[in-house]
Amino acid sequence: MHILLVEDDNQLGEAIRHALVQQSYAVTWLRDGKEAARALRDPTADLVLLDLGLPGMDGMDVLLEARRDGVKTPILVMTARDALETRIRGLDIGADDYLVKPFHVGELVARIRSLTRRVRGLAENLIEAGGMKLNLATAEVEFRGDQVSLTRREFALLQALMEHAGHIVRREALENSVYGLDTVVERNAIEVQVHWLRRKLCPEAIRTVRGIGYMIPRESK
Ligand code: CA
């Protein structure tokens, strides 16, 4: 899952980025409001963490513009402005959730999970497909009843495929989910990750759709 982080405070931004990467999220980090507005118009992120006090353009205006343009990406606002009015206005113009600074990054991660679930209409942190069970809260993976230990990137890749089980996921979309936009990705990076995943699961767990991408079937054979 790819998260767009918009935060101009270097220390806080780094702490958040670090915590998210630990949780297998791909992170793109922007520090400027105008850049954030531009990035939101071309939504490659699954979720946006938006600070309000930003150089270039105020976060509230970034939010307003994105919603006016019909951007549907879930947005969680992080702000030191804890005035009730600010919060109400933010929610009114389309923020999906709010976190008042200072907050614990653990709480932020929990909010991200709950927001993601809400958006996808999931009741719990569990995704099941193709004989696999993926627990987003504990990062545990089960294949045909056995626990499988995955690296962060393998987990992110499997999650991206399982969220679209039964559909082809394009290689570029997978790169985006696993690496975000901040990382330069080698041409065969996803192929290599798929190779290792198949070794840990089984060769037919992930199907190759030549020239396009990969797919996990809904049901396992
Ligand atoms: Ca700020």
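Here, residue 1 is the first one in the sequence, and each next residue gets the next number. For ligands, and for the atoms within them, numbers begin at 1 and follow the listed sequence.
Of the charged side-chain nitrogens involved, at least one lies within less than 4.0 Å of a carboxylate oxygen, so that R17 and E14 count as a salt-bridged pair. Under 4.0 Å is where a charged nitrogen must lie from a carboxylate oxygen, and between E7 and K101 at least one such pair does. Contact check on R67 versus D96 returns a salt bridge, with a Lys/Arg side-chain nitrogen under 4.0 Å from an Asp/Glu carboxylate oxygen.
The Ca ion (ligand 1) has no N, O or S atom of A80 closer than 3.0 Å. The Ca ion (ligand 1) has an N, O or S atom of D51 closer than 3.0 Å. The nearest N, O or S atom of D9 is not closer to the Ca ion (ligand 1) than 3.0 Å.
The side-chain tip of R31 points at the ring of W29 from less than 6.0 angstrom away and within 45° of straight on.
D8 has its closest N, O or S atom to the Ca ion (ligand 1) at the position named OD1.
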